[in-house]
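Report on one structure; see the data block that follows.
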Amino acid sequence: MSDPTVPPQPPDEGMPPTNVTDPMPAMAEAFAFEREDEIERAVGEGFAASGGDVSGHATGGLWRTAGRELLRKKSAVVGLVMLTVLVFLAVFAPVIAPYDPNEVLFSEGVAPRDAPCIHLLGCPDDQPQHILGIDGNGRDYFSRLVYGARVSLLAAFVAVTFAMVWGTIVGLIAGFFGGAADNVLMRLMDVLLSFPSLLLAIAIVSVLGPGLINAILAISVVTIPQYARIVRSSVLSIREQEFVAADRALGVGTWRLLWHRIFPNALTPLVVIATLGIATAVLEIASLSFLGLGVQPPTPEWGSMLAAERNQVFTAPHLVFFAGLMIMWNVLSFNLLGDGLRDALDPRLGR
Amino acid sequence: MKRSMRLVSLLFALALVAAACSSGGGTTTTAAGGGEATTTTAGGGTATTAPPSGEFTGISVEASCDDPTNASNFKKIEAVDRLTVRMELCKPDVAFASKVAFSAFGIHPQAYLEATGGGGDLLDNPIGTGPYMLKQWDKGNQLVLERNENYWGEKAKTKTLVFRWSSEAAQRFVELQAGTADGIDNVGRDDFAVAEQSPDVTLYPREGTNIFYIGLNRDKPPFDNEKVRQAIAVGIDRQRIVDNFYPPGSVVADQFMPSSIFGYTPEPKWYDYDPQKAKDLLTEAGFPNGFEVTLNYRDVVRSYLPSPSTVAQDIQAQLADLGITVNIEVMESGAFLDASDAGELTMYLLGWGADYPDATNFLDFHFGRGASAQFGAGFPDLWDVLDEAATTADPATRLELYSKATELIKQHVPMVPVAHGGSGVAYRSDVDGGHASPLGNEYFAVMDPGGRDTFVWMQNAEPISLYCADESDGESLRACEQINESLLSYAVGGTDVQPGLAESWEANDDGTVWTFKLRDGVLFHDGTPLTANDVVASYDAQWDLSNPLHVGRDGNFVYWGALFGFKNAEG
């Protein structure tokens, strides 16, 4: 237990109840515990409670430790780097992309699905440079690919955030109050879970009408149960902890208890699930767009770009390959990062 | 123990043999009964009944031309004798022979029509006279046809004909290259070059006897303003669409009708592309900053529109340059057609392929008095010209009238004609007799796939049903054409009208009485002989809305309605 990087640490007895001196007040607020000694007993009681036991360690908060742990994992670092590249593409798309993604370039003398032309690789200088060629509608494929990162990342983040918020609310209420509220809410979640998620998303979009917003909504609704379940299971174990009982005895209000004591302890598994959930959301947005139910033309999106050129697998394979590659890149980066985060945040997986 | 077991097994075996014998006897008796049953009913019409054998009693159906419930051009259909059918019309119809040859008017056995009640089995198990008969329709998978050994004409070259389908051009082409298909429809645009170079595959270009147009509904704002419609007409660069998204052999449409169809006139031509003029017209109409509109289409590949989504996106981009914001909305094929026919769509991509080579098939169907609401309320001045042209016998006068109609269409712009799409049919190189039909009705009986006993044809989609009186989809019609035949037919791979089930036909001088002489000895697939009564029954089931056999699949009988009109119509 002397290794400072191992998350489970004996609580610092001298810590004030609320760590107001922490350089990151918001974070500290979320992870401060009134009775560290009791939390210690929670260690090992489950993944769910793992968030609490390290918060008071002198070498820094849970997140700092986890961050250090994360950087030790090669796969997680790879994921992080891949994600950084994507975010860079998305943020600086107007600078990186040589053309407007929706600009039709027929007047420039290109034909649909022209092969890539790279001056460095011997393409004549008098031809305009298109490093990934031209798509079926006479637009610069590379520019569309770059702008596609924006749509894909944004849609996935919004979808997951939305699902996480609602899932957390449902999970907190169900787990904390139990009884009828638990029964009703979780049965509702079971109903949602009993559908294959993509099919349910397709059904929802079919009812609402195709479009990016509706696709995001559908994907969120479909994934709410995952978050609700995780939060509920954490809450179930946390609410039985003695520090909660003590708080109750001291007369702490229900909402304060929920928000300041229970929710912070349930946050860690949520973050891991959400990171992995973004990967799934990216895939589902792409799937819906592939089916024509997601992003509507002319907005560039990898799934719909793939769908548009699917018949050209043999005649212009690069148009299918790169859109697919970007989806894979995106999903892989979040998966690697999510795996790394899980390991870093899980005390039982310490080396 | 062992002996008793042996005894039991012996008894068991004996029992089995006895059971087998008795059931065998059973089947022979039922078979005999079945044979008897089919020989009875032969005449038995709705109007008169024929005696079981001997004398032929022809049936006849009629309606008054002055009767307001007779919305059709038919007056009388009569079986004069066993092999003669006479049809009387109210007004002359110069295209009548072309229409009669169309596959929606195939002849079915009268007894089978009555036995199925005009629907049900008739849709899935048709009985016809064609070179192929239905063997098995494995829905969602394939349609298997077998050679009709009793065919009246030259028998089919291949024993088994299999229809398969995929909406993906790439998949069809891969199957052709792999040899799992012997012929495919609609080669993808980018596969044309590959198909031309491949030694295993032979490409047959199909002439564009079709039209792809952008429909504009005059009832829906902002297209209720003629200037806005004209602005779209001027502001779409049709050449760019054809150059970039159509296969070789396609041409820019300068009017609604393709040049190979009677009624085409070189003048007047469509507007030249002029974006500045389009903007001026929009400003005049009160939309200097454009407007927002929804463009609907179905993501279904047809010869007239080989790549719907890219074309839709290009139109979106072109109109964006005029300041018009276009929201693209893809619809399911059936729902799309229903919505456009009901006049619910504002702007949409649709097309039309020739069914028979006459202007009435194009202009009257879309812009005539009886046309659907697809362009909104329609244009009465256009109706009058088309009515006059359809009842005029002199070709020169007709052409003049059609030129006038085209001028009116150009002025009103119910739609923007974009392209006559060329397409390609490809066969394995060892297929003998391969061809591409300008009407989309390839005739497989003349094809021989290098001596193999099965010919596999792959098209865009599955037939909806095999009772084509109530279908309008080319994918269904092509399958029907192998099984059922009409009185007349089109030349294989062409558009000329030639004898079919009728070996000859004649019309009186003013084109109101048509007499068809049927071939003798034609047998339906169930072995019953073809008579004039079958023709009358098949026609009346479509013509008469009150006929109990007027059932079909959805009961719309769109082709009959559009080409001839119904009797006993409400109001």
Side-chain angles (χ1 to χ4, degrees), chain A residues 99-115 133-141 144 202 205-206 208-215 288-301 303-320, chain B residues 166-178 186-195 197-198 237 239-247 275 294-301 306-321 325-332 335 460:
Chain A
Y99 294 90
D100 181 294
N102 297 333
E103 191 187 349
V104 179
L105 303 167
F106 290 141
S107 53
E108 240 189 55
V110 302
R113 307 197 179 94
D114 264 355
I134 298 292
D135 82 349
N137 269 87
R139 300 169 294 207
D140 181 59
Y141 193 71
R144 292 182 67 73
I202 290 172
V205 175
S206 309
L208 298 177
L212 182 58
I213 305 285
N214 291 344
L288 287 179
S289 299
F290 184 89
L291 297 172
L293 298 170
V295 179
Q296 293 301 298
T299 312
E301 202 277 343
S304 56
M305 287 162 72
L306 199 61
E309 304 296 345
R310 68 183 186 279
N311 263 324
Q312 273 64 50
V313 181
F314 300 110
T315 47
H318 61 283
L319 296 181
V320 184
Chain B
S166 165
S167 58
E168 304 289 327
Q171 194 196 337
R172 290 196 300 271
F173 194 63
V174 165
E175 295 235 16
L176 183 71
Q177 284 180 313
N186 283 346
V187 176
R189 178 182 184 269
D190 293 351
D191 293 330
F192 261 67
V194 186
Q197 282 161 13
S198 166
D237 186 353
Q239 187 72 48
R240 160 168 148 182
I241 294 175
V242 173
D243 283 352
N244 289 302
F245 310 117
Y246 275 78
T294 301
L295 174 70
N296 292 90
Y297 73 98
R298 51 174 180 166
D299 201 358
V300 171
V301 171
S307 51
S309 51
T310 38
V311 169
Q313 287 192 44
D314 197 57
I315 289 168
Q316 183 184 43
Q318 292 199 20
L319 292 181
D321 292 343
T325 309
V326 175
N327 301 313
I328 291 180
E329 208 177 295
V330 189
M331 292 176 76
E332 190 276 321
N460 297 334

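Each chain gets a letter, A, B and so on, in the order the sequences are listed, and its residues count up from 1. These values consider heavy atoms only, across backbone and side chains, with no hydrogens, waters or symmetry-generated copies.
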- [ ] Drop me the distance from B:D314's CG to A:F106's CZ, to the nearest 0.5 angstrom.
- [x] 5.5 Å
Open item on the list: Are more than 12 heavy atoms, taken from residues, nucleotides or ligands other than A:I213, located less than 6.0 Å from that residue's CD1 atom?
Closed with: no
Task: Region of A:P210 that comes under 4.5 Å of a non-hydrogen atom in chain B - done: neither
TODO: Side chain from CB out, backbone as N, CA, C, O: work out which of these in B:Q316 comes under 4.5 Å of a heavy atom of chain A, or both, or neither.
DONE: side chain
Open item on the list: Can you tell me how far apart CG (A:N102) and CD (B:Q313) are? Round to the nearest 0.5 Å.
Closed with: 8.5 Å
- [ ] Between chain A and each of B:V311, B:V326, B:T310, count heavy-atom pairs under 4.5 Å; write down the option with the most.
- [x] B:T310
Task: Structural part of B:V174 lying under 4.5 Å from a heavy atom of chain A - done: side chain
Task: Heavy-atom pair of closest approach, residues A:P112 and B:F245 - done: CG-CE2, 4.3 Å
Open item on the list: Show the nearest heavy-atom pair for residues A:V104 and B:A317, with the distance to one decimal.
Closed with: CG2-CB, 3.6 Å
Open item on the list: Restricting to non-hydrogen atoms, name the atom on A:Q296 and the atom on B:I328 that form the minimum distance, rounded to 0.1 Å.
Closed with: OE1-O, 3.5 Å
Task: Residues in residues 187-194 of chain B that sit under 4.5 Å from chain A, counting heavy atoms only - done: B:D190, B:D191, B:V194
Task: Part of A:V313 within contact of chain B (heavy atom distance under 4.5 Å) - done: neither
